[in-house]
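Report on the following structure.
Within every chain, numbering begins at 1; the chains are lettered A, B, ... in the order of the sequence lines, protein sequences first and strands thereafter.
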Amino acid sequence: MINVLTGINATSSALEAERIRMEVISQNIANAEVSRMPDGKPYQRQQVVFETLLTQQTGGIGNGVGETGVQVARIEKDQRAPRLVFNPGHKDADANGMVAMPDINIHEEMADLISASRTFEANLAVVRNARTMALQTLSIGKR
Amino acid sequence: MNPLSAIRLPVSPDMLRGANGLTPDMAKLAIPQYELGKIASPTLQPSTAITPAGATFESTLGRLVSDVSAKQAAAGEAVAGLTTGAGVPLHQAVIAAEEASVSFQLMVEVRNKLLESYQELMRMQV
């Protein structure tokens, strides 16, 4: 199979991984005020862990190096303790009127979101660049 | 025919003997025969080693066309998977479409070159 856009596979996997990261962050923001999950505990902040993904060599234009992509190894729970808020009227309040809320810092989540979005953008720039390079190379034959 | 034979002519043995009004000194200034031989020796042979046995130009071209066709089909499938919610991510569909587009343009360029060389041959004066 001809390979016109080389090096795209790694970028594609990075785009996918960053998309999952953004989904997890959006989940964290959405659940920042959830005091009761199905297990009765407050929502636990989640974060993604990336790992390298060695795709098999596809032949063609290769220099003997397999393309190293990235994938989400696992989505793990942040083990920080819940934040206790005094709210006696709340359904989940304990005897002292304290409610356990998830310890989610919205600023931290927004900073993570910006980082994920910028990384996504950088990978898009790689795709754009590869496309431009291929088209410019094709224009050698034009007159 | 050796394309450098015209250059070789001035340093024929006649000239070295001082014929054609050239002095032996002038003849020495000309490029010696053995130096020219170094330039002319690696003549281009039509290569048979690059293409595997049984692979004609036609089959190579056919493979290119079918590759491009496969890429178009893959792009169509990816877009269909995206629009029907089959779990194909947006970027993958766009990249597949872009790959199909670039490889199609490559095929068009090859076709243009072929046609150009054919027309060049047709214009040739016999």
>> Let me check something: do A:Phe120 and A:Leu113 share a hydrophobic cluster, defined by ILVMFWY side-chain heavy atoms less than 4.5 Å apart, either directly or through other members?
In response: yes
> What's in the same ILVMFWY side-chain cluster as A:Met101, cut-off under 4.5 Å, chained through other members?
Replying inline: A:Val85, A:Val99
> Do B:Phe104 and B:Val94 share a hydrophobic cluster (ILVMFWY, side-chain heavy atoms under 4.5 Å, transitive)?
Replying inline: no
> What is the distance from atom CG of A:Leu5 to atom CD1 of B:Ile95, rounded to the nearest 0.5 Å?
Replying inline: 8.5 Å
> Given a cutoff of under 4.5 Å between side-chain heavy atoms of I, L, V, M, F, W and Y, with clusters grown through shared members, what are the other residues clustered with A:Val24?
Replying inline: A:Ile20, A:Val48, A:Phe50, A:Val70, A:Val72, A:Ile75
Determine which donor-acceptor pairs between chain B and chain A fall under 3.5 Å and list them with their distances.
residue, atom, partner, partner atom, Å
B:Asp67, OD2, A:Ile2, N, 2.9
B:Lys71, NZ, A:Ile2, O, 3.2
B:His91, NE2, A:Glu16, OE1, 3.2
B:Glu98, OE2, A:Arg131, NE, 2.5
B:Glu116, OE2, A:Arg143, NH2, 3.2

> Linking I/L/V/M/F/W/Y whenever their side-chain heavy atoms sit closer than 4.5 Å, directly or via other members, would A:Ile104 and A:Leu84 fall into one cluster?
Replying inline: no
>> For A:Met133, give me all partners under side chain to side chain contact (heavy atoms under 4.5 Å, CB included), at least two apart in sequence or on another chain.
In response: none
> Under a 4.5 Å side-chain heavy-atom rule over Ile, Leu, Val, Met, Phe, Trp and Tyr, are A:Ile114 and A:Met22 clustered together?
Replying inline: no
> What part of A:Leu138 is in contact with chain B, defined as an atom under 4.5 angstrom from a non-hydrogen atom: side chain, backbone, both or neither?
Replying inline: both
